[in-house]
Amino acid sequence: MSRIDVATPRGTDMLTASQRTCEVKVDGAWHPTTLTQARGLYTMAQKRCPACHGQVVIAGTYIGKGSLNLQHRRAHAGCPLRPETYTGTPSPHPQALA
């Protein structure tokens, strides 16, 4: 995993995150988990990006050892986990999940 800058309401923090992890909401609290666990154990739970807190889905195959990928429901230029759209300045997602 790599360390990335993550925007927070109080400034910028460092967070260890990758496109192989997400956060799931269980019993009213957010918990970091792997994409494999989120897909298998927390299928119906709400999921968010660990960097910008935008809503995400886990794409990939259900069968075999296929690759799972974190995908934002709505793209956002302030998320460092989306290098194809990232502008270089981390910021919370405009529709961040609390």
Side-chain angles (χ1 to χ4, degrees):
M1 277 191 230
S2 61
R3 293 186 68 78
I4 57 172
D5 289 325
V6 178
T8 66
R10 293 170 304 220
T12 302
D13 290 338
M14 291 300 288
L15 174 75
T16 300
S18 77
Q19 292 184 340
R20 308 294 312 150
T21 64
C22 71
E23 294 179 346
V24 295
K25 194 168 194 177
V26 179
D27 296 328
W30 291 101
H31 302 278
T33 187
T34 66
L35 298 185
T36 303
Q37 289 173 328
R39 185 56 136 352
L41 298 174
Y42 305 108
T43 304
M44 299 305 292
Q46 202 170 26
K47 297 163 189 69
R48 73 179 183 183
C49 174
C52 71
H53 295 172
Q55 186 174 11
V56 296
V57 295
I58 301 170
T61 181
Y62 281 93
I63 302 170
K65 296 188 183 217
S67 145
L68 297 176
N69 298 307
L70 184 70
Q71 294 183 347
H72 288 73
R73 284 203 171 259
R74 180 172 174 231
H76 148 66
C79 183
L81 296 183
R82 288 188 47 86
E84 62 274 6
T85 59
Y86 184 51
T87 59
T89 304
S91 64
H93 195 283
Q95 295 175 331
L97 300 174

Inset, instruction - Say whether W30 and V26 are linked into one hydrophobic cluster, either directly or through other cluster members, by side-chain heavy-atom distances under 4.5 angstrom. - result: no
Legend entry - Residue pair Q55 / H93, side-chain heavy-atom distance below 4.5 Å: no
Inset, instruction - Determine whether R20 and L35 make a side-chain contact, defined as any pair of heavy atoms from C-beta on separated by less than 4.5 Å. - result: yes
Legend entry - Considering all heavy atoms, the nearest L81-P83 contact: O-CD, 3.2 Å
Inset, instruction - Would you name the heavy atoms of P94 and R74 that are closest together and state the gap between them? - result: CG-NH1, 3.6 Å
Legend entry - Atom pair CD1 (I58) and CG (L70), whose distance is rounded to the nearest 0.5 Å: 7.0 Å
Legend entry - Test item: H72 and C79 side chains (from C-beta on) under 4.5 Å apart, heavy atoms: yes
Inset, instruction - Please say which of Q46, R48, H31, K47 ends up in a side-chain hydrogen bond (donor to acceptor under 3.5 Å, both in side chains) with E23. - result: R48
Inset, instruction - Please confirm whether the backbone N or O of Q95 pairs with a side-chain atom of H76, one donor and one acceptor, at under 3.5 Å? - result: no
Legend entry - Side-chain heavy atoms of R82 within contact of C52, under 4.5 Å: no
Inset, instruction - Look up atom SG in C22 and atom CD in Q71, then write down how far apart they are to the nearest 0.5 Å. - result: 12.5 Å
